[in-house]
Amino acid sequence: MPDEVIDPAPLDPGTLRVIPIGGLGEVGRNMTLFEIDGKLLIVDCGVLFPEEHQPGVDLILPDFGFLRDRLDDVVAVVLTHGHEDHIGAVPYLLKLRADIPLVGSQLTLALVEAKLKEHRIQPYSLTVKEGQREKLGPFDLEFIAVNHSIPDALAVAIRTDAGLVLATGDFKMDQLPLDGRLTDLREFARLGEEGVDLFMVDSTNADVPGFTPLERAIGPVLDEVIARSPRRVIVASFSSHVHRVQQVLHAAHQNGRRVALLGRSMVRNMTIAAELGYLDVPPGVLVDYKKAGDIPDDRIVYMSTGSQGEPMAVLSRMANRDHQIEVGEGDTVILASSLIPGNENAVYRVIDGLTKLGANVVHKGNAKVHVSGHAAAGELLYCYNILQPRNVVPIHGEYRHLVANARLAQDTGIPAERTFIGENGTVLDLRDGKVTVAGQLDLGFVYVDGSTVGEITDADLKDRRILSEEGFISVIIVVDANTGKVIVGPEIHARGFAEDDAVFEDVKPKIVAALADAAHHGVRDPRALQQTVRRTLGSWVNRRLRRRPMLVPLVIEA
């Protein structure tokens with residue numbers, strides 16, 4: 001939450017307002033709102049995956065509260081690429097208004113439409129490709145090829161009466177990409193000549209010196225690891241990482257192995273990628289998971305989800321022996337992805353669990369089985385020098401990444417007062433080549449928990465953490481409605497305590513005495529009596545057992 005909420009002034013005609021709704025100070029929930037002359041454009045609409053301190057949460061969405069009364073003003077949602085942190089929240093936005101047009105590349109829209117089908121939403125979509133320009137209301141959009149760890153990624157140049165904005169989405173500058181699709185630096189240079197008033201640029205690797213290694217360097221390593229594996233090989237990656245799956249298919253084919261896809265999202269996404277021609281499947285390599293058990297262990301590769309240690313994903317279930325595939329001695333597990341910040345502990349738990357089962361676990365720390373999809377510092381410096389933007393807003397990254405990116409911009413000569421390190425909800429206005437901070441919205445987290453969206457609060461999560469860490473105590477007491485005297489109880493039951501319930505015998509007289517004192521002072525309201533019980537029991541438990549559990553007293557009048 002921002003330290004200070006400042007409501008922005010009404011927007012002047014001809015001024016472009018830019019509001020990052022998500023993706024600043026976090027790796028996920030990417031969403032930026034652009035407004036001019038009463039019309040809104042959204043770029044990306046992604047989710048954030050929960051961390052350990054958010055128990056029970058499935059997904060975290062951007063806060064759409066600012067938009068709810070203005071949905072009819074939205075001209076389109078532009079999606080830069082098909083990763084969950086950029087498209088995952090689209091179904092929840094379209095549930096508020098189903099006919100908002102979606103704009104994106106062929107693969108990106110195919111992945112979104114498959115997701116929307118599960119939510120029974122039929123979207124209005126416009127497929128675009130690099131070099132294409134589209135006019136949507138007051139926004140003149142141009143789409144530029146960039147490479148990333150998923151095919152068909154696009155940057156978007158947004159021209160308005162207020163100036164030109166270039167938003168990169170996620171990108172890197174791999175000079176030998178697997179699909180031959182380079183980040184179009186020639187178009188970046190043309191935009192630089194035209195004059196970029198605001199550059200909104202991926203920050204994820206801004207604190208990594210040099211250049212991101214080539215994707216094609218991974219192929220030989222995967223080939224070598226698979227070649228020397230005596231039994232089964234299980235590769236875990238993001239379910240949308242088409243390039244990595246491509247390399248696994250080729251490495252398996254080279255070594256006479258077949259590949260079975262595991263996980264619903266992996267099967268869905270790779271089926272789409274193959275049908276659209278983004279995934280080249282060697283003949284006879286893919287095999288249905290149900291038939292994979294009939295193939296000898298040294299002739300099979302399983303391609304699964306779960307590289308981030310997600311509790312319900314395939315790899316975590318294998319580590320917990322809760323999957324049909326029982327990992328054992330001689331098996332090789334390859335974690336072919338980077339760690340999303342905040343997931344480290346969960347991933348290391350999975351690695352430990354698989355190692356205990358006898359598997360050889362290969363990961364980024366001990367072999368070159370993954371390269372990032374984001375531009376490192378050297379690549380970002382090239383971009384700043386090519387574009388020479390008037391103003392810069394680092395996006396997509398935790399705070400340290402944003403700061404590192406801003407410093408790179410300043411190293412190339414962009415003044416500090418023209419580099420803006422914002423947070424979610426920071427309101428920026430662009431006019432005549434100048435950006436000013438116009439306000440700060442109060443945006444929060446919107447939690448998806450099962451079938452509920454936005455109903456779980458931070459207070460609920462605090463209760464869950466207390467339950468998981470400190471335990472639970474219930475107290476049932478029946479009191480005389482007239483005198484306030486205890487008739488039955490206290491009955492005390494605890495969960496999550498090593499001690500037997502008998503340990504609470506010492507506190508029962510104290511609770512009875514406290515209730516008697518309250519009754520003596522005329523207190524009869526059950527809620528007030530419950531507070532008396534909570535204070536008395538809580539103080540005793542804290543002093544005697546050094547715990548702060550959740551206390552649920554129930555006082556019944558009779």
Side-chain angles (χ1 to χ4, degrees), residues 23-24 27 30 32 43 80-81 83 86 130-131 142-159 163-218 243 338 370-398 400-416 418-421 433 435:
L24 269 63
V27 179
N30 296 285
T32 306
V43 174
T80 58
H81 65 281
H83 279 152
H86 290 256
E130 55 265 28
E142 179 183 354
F143 301 94
I144 304 128
V146 293
N147 59 40
H148 184 40
S149 52
I150 187 172
D152 243 8
L154 295 168
V156 57
I158 305 167
R159 293 179 176 87
L164 170 59
V165 178
L166 176 59
T168 64
D170 290 359
F171 84 112
K172 60 179 176 176
M173 289 160 53
D174 192 329
Q175 296 303 296
L176 298 170
L178 293 179
D179 58 2
R181 189 170 175 273
L182 292 162
T183 292
D184 192 350
L185 296 180
R186 291 178 300 176
E187 184 55 35
F188 275 32
R190 281 193 287 270
L191 291 170
E193 290 293 326
E194 181 180 338
V196 175
D197 295 293
L198 176 59
F199 187 34
M200 304 186 72
V201 56
D202 179 8
S203 305
T204 312
N205 272 357
D207 60 348
V208 177
F211 295 79
T212 301
L214 303 176
E215 283 279 351
R216 65 170 52 190
I218 304 302
H243 293 323
S338 60
H370 177 73
V371 298
S372 176
H374 303 271
E379 294 153 86
L380 293 173
L381 288 172
Y382 267 99
C383 288
Y384 287 126
N385 284 328
I386 289 169
L387 288 164
Q388 297 182 351
R390 293 187 179 91
N391 302 277
V392 171
V393 174
I395 58 170
H396 193 288
E398 296 189 330
R400 67 183 183 278
H401 303 133
L402 306 181
V403 170
N405 203 347
R407 285 175 180 158
L408 293 173
Q410 291 162 24
D411 287 344
T412 65
I414 298 168
R418 287 180 175 266
T419 54
F420 298 86
I421 301 173
V435 171

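Worth saying up front: this structure is predicted, and the values here are computed from it rather than measured.
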Inset, instruction - Quick one: closest heavy-atom pair of Pro389 and Val392, and the distance? - result: CG-CG2, 3.7 Å
Legend entry - Leu185 side chain reached by Tyr382 side chain, heavy atoms, under 4.5 Å: no
Legend entry - Any donor-acceptor N or O pair under 3.5 Å, side chains His83, Asp170: no
Inset, instruction - With sequence neighbours left out, write down each residue that passes side-chain hydrogen bond (donor to acceptor under 3.5 Å, both in side chains) with Asp152, or none if nothing qualifies. - result: Ser105, Tyr278
Legend entry - Non-hydrogen atoms of Pro209 and Ala376 that approach each other most closely: O-CB, 4.3 Å
Legend entry - Those residues that, when tested against Gln410, pass side-chain hydrogen bond (donor to acceptor under 3.5 Å, both in side chains) (two or more places apart): Thr419
Legend entry - Close side-chain approach of Pro177 and His243, heavy atoms under 4.5 Å: no
Inset, instruction - Before accepting this row, confirm whether a basic side-chain N of the pair Glu193/Arg190 lies closer than 4.0 Å to the acidic partner's carboxylate O. - result: no
Legend entry - Where Leu214 and Val371 come nearest, the two heavy atoms and their spacing: O-CG1, 3.9 Å
Inset, instruction - In plain terms, say whether Arg159 and Glu142 are close enough for a salt bridge, that is, a side-chain N and a carboxylate O under 4.0 Å apart. - result: yes
Inset, instruction - Taking all non-hydrogen atoms of both residues into account, name the closest pair between His148 and Ala153 and its distance. - result: CB-CB, 4.0 Å
Legend entry - Pair His396, His374: side-chain N/O donor-acceptor within cut-off below 3.5 Å: no
Legend entry - Any residue meeting ring pair (Phe, Tyr, Trp, His ring centres under 6.0 Å) with Tyr384, in chain and number order, not counting sequence neighbours: Phe199
